[in-house]
J.: 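Pasting a structure here, questions to come.
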Protein chains: 2
Amino acid sequence: MAEKFDHIDLRILEVSQKHGALSQRELADRVGLSQNALWRRLKRLEEDGVLLGVHRRVSAKKLGLDLTVFVMVRTRTHSDEWIEAFRAHVSRIPQVVEMHRIGGDWDYMLKVVTRGMSGYDKTYKQLTTGIELETVTGFFSMETMLEDRPLDVYG
Amino acid sequence: MAEKFDHIDLRILEVSQKHGALSQRELADRVGLSQNALWRRLKRLEEDGVLLGVHRRVSAKKLGLDLTVFVMVRTRTHSDEWIEAFRAHVSRIPQVVEMHRIGGDWDYMLKVVTRGMSGYDKTYKQLTTGIELETVTGFFSMETMLEDRPLDVYG
DNA sequence: GTTGAAACACCCTCAAT
DNA sequence: ATTGAGGGTGTTTCAAC
């Protein structure tokens with residue numbers, strides 16, 4: 001697979017990640033293109049599916065969502081059907097913002113953002129009700145040191 | 001602290017997270033306001049610091065960033081100065097997209113997104129060079145089952 | 001790749017209700 | 001809170017180079 005994106009594409013992706021509200025004129029200036037040329041690139045990058053949706057970040061803290069917990073889960077069953085059922089089960093819990101099937105001492109890892117310990121307790125109960133899990137352990141974040149960093153398009 | 005945001009505010013935050021490119025007219029229609037009234041709310045929510053920046057999501061997969069690893073770190077030192085030095089050290093590694101100080105069996109947890117195992121090897125070396133860490137263990141994501149979900153503004 | 005232009009949509013700020 | 005309107009800006013699509 002040859003290089004799919006040139007350095008201007010990568011610059012566009014880099015800047016767009018951080019500053020999604022820039023006008024096309026401002027973005028064009030930053031990456032060294034005319035607005036017209038940039039428009040064509042944006043269209044192509046969206047069609048290619050590498051440029052995805054635009055989102056606004058909101059302050060979890062200001063919303064009172066002050067507790068982040070990484071929940072590690074070990075399960076008894078490992079069939080494809082069970083995995084999909086578990087995914088569907090977890091996807092009904094909006095406090096779970098991320099979920100991975102992992103290797104190592106546990107089978108799954110979930111990132112949970114809630115309103116304090118009482119919020120986590122509710123989420124925990126919802127998670128462990130209606131499906132059989134072997135072990136559930138939570139690692140509580142005491143301090144978020146880095147968050148929501150952009151992907152390194154060059155790395 | 002009384003309710004700081006009414007249900008229309010929460011709707012705005014909810015929709016904006018997912019659809020950050022909606023025009024004010026479209027967003028106003030969705031939350032049941034006039035464009036003018038929405039504009040004032042947006043301004044206030046931004047001033048309050050609950051509505052944060054606009055970002056474009058990019059496809060890690062299409063960029064070849066196909067490996068996600070959760071790195072758990074145990075350290076020898078725990079002073080405030082050392083913690084800040086560690087944060088600065090890690091913040092120089094762009095493949096680390098998230099970093100938490102946690103409680104439990106480890107002291108820190110880092111989320112790393114890289115280009116395959118060779119990319120992870122470089123990140124690992126950069127992480128463990130120039131600073132003393134006791135133990136470093138990686139949990140490799142075999143499958144991302146849920147990702148980048150919006151915060152539940154009601155939960 | 002570039003500039004220029006036209007048509008349209010959007011944003012921000014008024015005034016009035 | 002609403003509608004309506006004006007001016008400035010941004011987007012999308014041309015044509016021409």
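We name chains A, B, ... by the order of the sequence lines, and we start the count at 1 in each one.
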J.: If I compare all heavy atoms of B/R56 with all of A/L52, which pair ends up nearest, and what's the gap?
T.: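 Result for this residue pair: NH2-O, 3.1 Å.
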J.: Using the closest heavy atom to pick a nucleotide of DNA chain D for each, name whichever of A/E26 or B/L38 lands nearer the 5' end.
T.: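 Checking each residue's closest nucleotide, the 5'-ward one belongs to B/L38.
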J.: Toward the 5' end of DNA chain D, which comes first, A/K43 or B/L33, by nearest nucleotide?
T.: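 The residue whose closest nucleotide sits nearer the 5' end is B/L33.
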J.: Quick one: is D/dT11 close enough that its OP1 or OP2 comes under 4.0 Å of any side-chain N or O from A/W39?
T.: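 No.
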J.: Thinking salt bridges, do A/K125 and A/D121 make one under a 4.0 Å N-O criterion?
T.: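 Yes, A/K125 and A/D121 are salt-bridged.
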J.: Within the structure, does a side-chain N or O atom of A/Q24 lie under 4.0 Å from either OP1 or OP2 of D/dT12?
T.: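 Affirmative; the distance criterion is met.
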J.: Across the strands shown, which category fits B/S34 at heavy-atom distances under 4.0 angstrom: base, sugar-phosphate, nothing?
T.: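 Base: the residue B/S34, judged by heavy atoms under 4.0 Å, touches a nucleobase.
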J.: Output the rounded distance in Å from CZ (A/R25) to C1' (D/dT12).
T.: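 So the CZ-C1' distance, A/R25 to D/dT12, works out to 13 Å.
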J.: Starting at the 5' end of DNA chain C and moving along, which residue's nearest nucleotide shows up first, B/L22 or A/R40?
T.: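 The residue closer to the strand's 5' end, by nearest nucleotide, is A/R40.
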J.: What is the distance, to the nearest angstrom, from the CZ atom on A/R44 to the P atom on D/dT12?
T.: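 Value for this atom pair: 16 Å.
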J.: Given 3.5 Å as the limit, does a donor-acceptor pair link the side chain of B/R149 with the main chain of A/S91, or not?
T.: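 Between the backbone of A/S91 and the side chain of B/R149 there is a qualifying donor-acceptor contact (under 3.5 Å).
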J.: Looking at B/E46 and B/K43, is there a salt bridge between them, counting it only when a charged N and a carboxylate O are closer than 4.0 Å?
T.: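 Looking at B/E46 together with B/K43, the answer is no, because their closest N to O distance does not fall below 4.0 Å.
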J.: Could you state the CD-C1' distance from B/Q35 to C/dC12, rounded to the nearest angstrom?
T.: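 It is 8 Å, rounded to the nearest whole Å.
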J.: Is any side-chain N or O of A/R41 closer than 4.0 Å to OP1 or OP2 of C/dG1?
T.: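 For C/dG1, OP1/OP2 do have a side-chain N/O of A/R41 under 4.0 Å.
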J.: So does A/N36 reach the base of C/dG4 with its side chain, donor to acceptor, closer than 3.5 Å?
T.: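 Present.
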